[in-house]
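Proteins come first, then strands; the chains are lettered A, B, ... in the order of their sequence lines, and each starts at number 1.
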There are 2 protein chains.
Amino acid sequence: MTDKSKVVSIDGIKVACANCSLATLCLPYGLDAPDIERLESIIKRNKPIQRGHVIFAPGDRFRSLYVIKTGSVKTYTQTASGDEHVIGFHLPGELLGLDAIQDDAHGCFAKALETTALCELPFDKLEQLSTSIPSLQHQMLRLLSKEVSAEANMISLLNNSTAEERLASFLVGLSERFRRRGFSPTDFFLAMSRQDIGSYLGLALETVSRLFTRFQEHGILEVDRKHVKIRDFDRLKHMLKHHTACHSTLGQSS
Amino acid sequence: MTDKSKVVSIDGIKVACANCSLATLCLPYGLDAPDIERLESIIKRNKPIQRGHVIFAPGDRFRSLYVIKTGSVKTYTQTASGDEHVIGFHLPGELLGLDAIQDDAHGCFAKALETTALCELPFDKLEQLSTSIPSLQHQMLRLLSKEVSAEANMISLLNNSTAEERLASFLVGLSERFRRRGFSPTDFFLAMSRQDIGSYLGLALETVSRLFTRFQEHGILEVDRKHVKIRDFDRLKHMLKHHTACHSTLGQSS
DNA sequence: ACCTCGATTTGATCCAGATCAAAGACGCCA
DNA sequence: TGGCGTCTTTGATCTGGATCAAATCGAGGT
């Protein structure tokens, strides 16, 4: 690409947050135009990364939070023996790295599941900005708190659900997240493997595969490889026992 | 009690944070003396509550965070059919209610497991104070982040561990938390029932009971009802596969 | 068009821990 | 001091999902 195209891209980027369709899910939520501009001024926009690219790894010094602009990411840990434990899947508008604030170092891998664009937010600058923009501070706390709630729901799911309920919950959750982002809630591609889904839900990959087959047989889904169509959303929802969960400061911590 | 004793108690309370042995675990960490005083000025100190007292319940409007001063608390949800799912056990210095910041309402029950004293922090005032005390803001973010990490570890534990590993992890975690608080790390009382432990770890109460028996038979523990002595801490630790876990934004959220 | 390798599906078997059942043990209160 | 209700322990059985094993499918490379 020439200098010219570069300039255009930088220019397109300058107004990114204000125009970004993700703004209501993301950090700028609740900020007014001038404050959004201040926020934008600290954002680093790197070029998109390819499937398989590792964004950060355990032990990496924590410098920035990342927001996914397009694409998707999985976070996971790895045991000494080399097998992965998937912690989460992340869609556009979601923050990566929140757990690293705590001790100034990342504790897991983050890897792109497909071509992915990220907004990088240097944390020191973000924190500094928060002291002068109360609604940014509030939004930071809200996002952290949302993360805590989401994890508590996950814990509840793992503690009290069958394989069927877990997969149903996973699909309903994904569906809702896609909907909020303007994608079809009933027709989407899974960027991750059966293995990854199994690891995330605490199931063997064979179990995940069998469940997809069963859901299809029951007319709930139409599955073709990574492409999923939800045919009977209600039935899928009825599989979830209503986990309202909550949660704060469970063991191991402080 | 007479007015006089009330005055004394209020007086003793005034310097609480500065003298409190929990300060390094708690919100005041990293603040200087004048800032601690400002923080103290917003703290409400209610009288101690009895075992079984419910601090907040799902649907309650979120107004305050609570820090445990003495005693212990469990957080849990309840299904329509009435059974409890324990989310966490909380010791002195730990914050309750972090998950409620998100949507301004509590999502779970918090109940005292024994006589418990709490410091109540009205959240609007806390947030306001944070904008003028950067290190308080930082500490808030750190504590939220720590919660996220702790929950991620829990998820990892539930996904990848046997019953034995779960109980070992629970005991090691408790032990470390007691140690930091100046209690014996090898000789303590469990304020919660076998049922509660099972619910927290995703195990049947019978399994928890059998494991205590087995650990005792192997000379790892000495158990008498709720009193636990750790006889072979090393062996207990070796039962944990090193879950470094991590993470951020798993499903269901945003 | 063919080959290769990883991902997925499907089948058969096994087992950790759930569930069902009953018998202690303890604390509490009258 | 005894009776009652709750919590805990221990035993017997059952089962959802893991694990082992193999066949099949697809995508990318040559």
Side-chain angles (χ1 to χ4, degrees), chain A residues 50-52 74 76 79 81-86 111 113-115 157-170 189-218 221-228 239 241, chain B residues 50-52 74 76 79 81-86 111 113-115 157-170 189-218 221-228 239 241:
Chain A
Q50 293 304 306
R51 172 180 166 81
K74 73 170 172 181
Y76 61 98
T79 61
S81 47
D83 37 42
E84 292 183 4
H85 297 320
V86 173
K111 183 188 271 191
L113 287 168
E114 59 193 306
T115 302
L157 187 75
L158 294 173
N159 258 340
N160 314 107
S161 304
T162 63
E164 188 175 282
E165 286 161 350
R166 292 182 201 193
L167 189 62
S169 170
F170 172 67
F189 281 86
L190 300 172
M192 70 297 286
S193 69
R194 302 288 189 262
Q195 173 85 262
D196 285 339
I197 296 172
S199 173
Y200 175 62
L201 295 175
L203 301 171
L205 69 104
E206 294 93 329
T207 302
V208 174
S209 176
R210 276 183 250 270
L211 285 170
F212 273 122
T213 304
R214 173 147 35 116
F215 284 179
Q216 172 146 287
E217 281 166 2
H218 292 7
L221 298 180
E222 217 167 283
V223 186
D224 176 28
R225 196 103 174 127
K226 296 195 178 286
H227 180 206
V228 172
M239 287 183 180
K241 11 184 189 285
Chain B
Q50 294 303 306
R51 171 180 168 81
K74 74 169 169 179
Y76 61 98
T79 61
S81 46
D83 38 43
E84 292 183 4
H85 296 323
V86 174
K111 183 186 268 190
L113 287 168
E114 59 194 305
T115 302
L157 187 74
L158 294 173
N159 259 339
N160 313 109
S161 302
T162 63
E164 187 174 285
E165 285 161 352
R166 292 181 201 193
L167 189 62
S169 170
F170 173 68
F189 282 86
L190 299 173
M192 69 297 288
S193 69
R194 302 286 191 260
Q195 173 85 262
D196 285 340
I197 297 172
S199 173
Y200 175 62
L201 296 175
L203 302 171
L205 68 102
E206 293 94 330
T207 303
V208 173
S209 176
R210 276 183 248 269
L211 285 169
F212 273 122
T213 304
R214 175 153 25 122
F215 283 180
Q216 173 147 287
E217 282 167 1
H218 291 8
L221 298 180
E222 216 167 285
V223 185
D224 175 29
R225 195 101 175 131
K226 296 193 179 287
H227 180 203
V228 172
M239 287 183 181
K241 10 182 189 284

Pairs under 3.5 Å (N/O, protein and nucleotides 13-17 of chain D):
unit_1	atom_1	unit_2	atom_2	d
D/dG17	OP1	A/Ala163	N	2.6

Problem set entry | Below 4.0 Å: OP1/OP2 of C/dT8 and any side-chain N or O of A/Lys226 | yes
Problem set entry | Presence of B/Ser209 side-chain N/O under 4.0 Å of D/dC7 phosphate oxygens OP1/OP2 | no
Approximate separation, where rounding is to 0.5 Å, of [X] [atom1] and [Y] [atom2]:
{"X": "B/Thr79", "Y": "A/Asn160", "atom1": "OG1", "atom2": "CG", "value": "8.5 Å"}
{"X": "B/Gln50", "Y": "B/Glu114", "atom1": "CD", "atom2": "CD", "value": "11.0 Å"}
{"X": "A/Phe170", "Y": "A/Ile197", "atom1": "CZ", "atom2": "CD1", "value": "4.5 Å"}

Let me know the distance between [atom1] of [X] and [atom2] of [N], rounded to the nearest Å.
{"X": "A/Arg225", "N": "D/dC25", "atom1": "CZ", "atom2": "P", "value": "12 Å"}
{"X": "B/Asn160", "N": "D/dT19", "atom1": "CG", "atom2": "P", "value": "11 Å"}
{"X": "A/Leu211", "N": "C/dG11", "atom1": "CG", "atom2": "P", "value": "15 Å"}
{"X": "B/Phe189", "N": "C/dG27", "atom1": "CZ", "atom2": "P", "value": "11 Å"}
{"X": "B/Leu167", "N": "D/dT9", "atom1": "CG", "atom2": "P", "value": "11 Å"}
{"X": "B/Leu221", "N": "D/dT9", "atom1": "CG", "atom2": "P", "value": "12 Å"}
{"X": "B/Arg194", "N": "C/dA25", "atom1": "CZ", "atom2": "P", "value": "15 Å"}
{"X": "A/Gln195", "N": "C/dG6", "atom1": "CD", "atom2": "P", "value": "13 Å"}

For this session: Find which nucleotide of DNA chain D each of B/Ser193 and B/Arg210 is nearest to by heavy atoms, and output the residue with the more 5' nucleotide.
Result: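 By nearest-heavy-atom nucleotide position, the 5'-most residue is B/Ser193.
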Please report the shortest heavy-atom distance between [X] and [Y], naming the atom on each side.
{"X": "A/Glu164", "Y": "A/Met239", "answer": "CG-SD, 3.9 Å"}
{"X": "A/Leu201", "Y": "A/Arg166", "answer": "O-NH1, 2.8 Å"}
{"X": "A/Gly202", "Y": "A/Leu158", "answer": "N-CD2, 4.5 Å"}

Exercise. Which nucleotide in the set C/dT8, D/dC7, C/dC20 lies at the smallest distance from any side-chain heavy atom of B/Glu206?
Worked result: C/dC20
Exercise. Using the C1' atoms of five pairs at each end, what's the angle between the two axes of the helix from C/dA1-D/dT30 to C/dA30-D/dT1, to 10 degrees?
Worked result: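 Comparing the first five pairs with the last five, the axes sit 40° apart.
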Exercise. Are any side-chain N or O atoms of A/Ser199 and backbone N or O atoms of A/Gln195, one a donor and one an acceptor, separated by less than 3.5 Å?
Worked result: no
For this session: Using modelled atom types only, decide if a donor and an acceptor are shared between the side chain of B/Lys226 and the backbone of B/Met192 within a distance under 3.5 Å.
Result: yes
Exercise. Looking at the rings of B/Phe189 and B/His227, which for Trp means the six-membered one, are their centres under 6.0 Å apart?
Worked result: yes
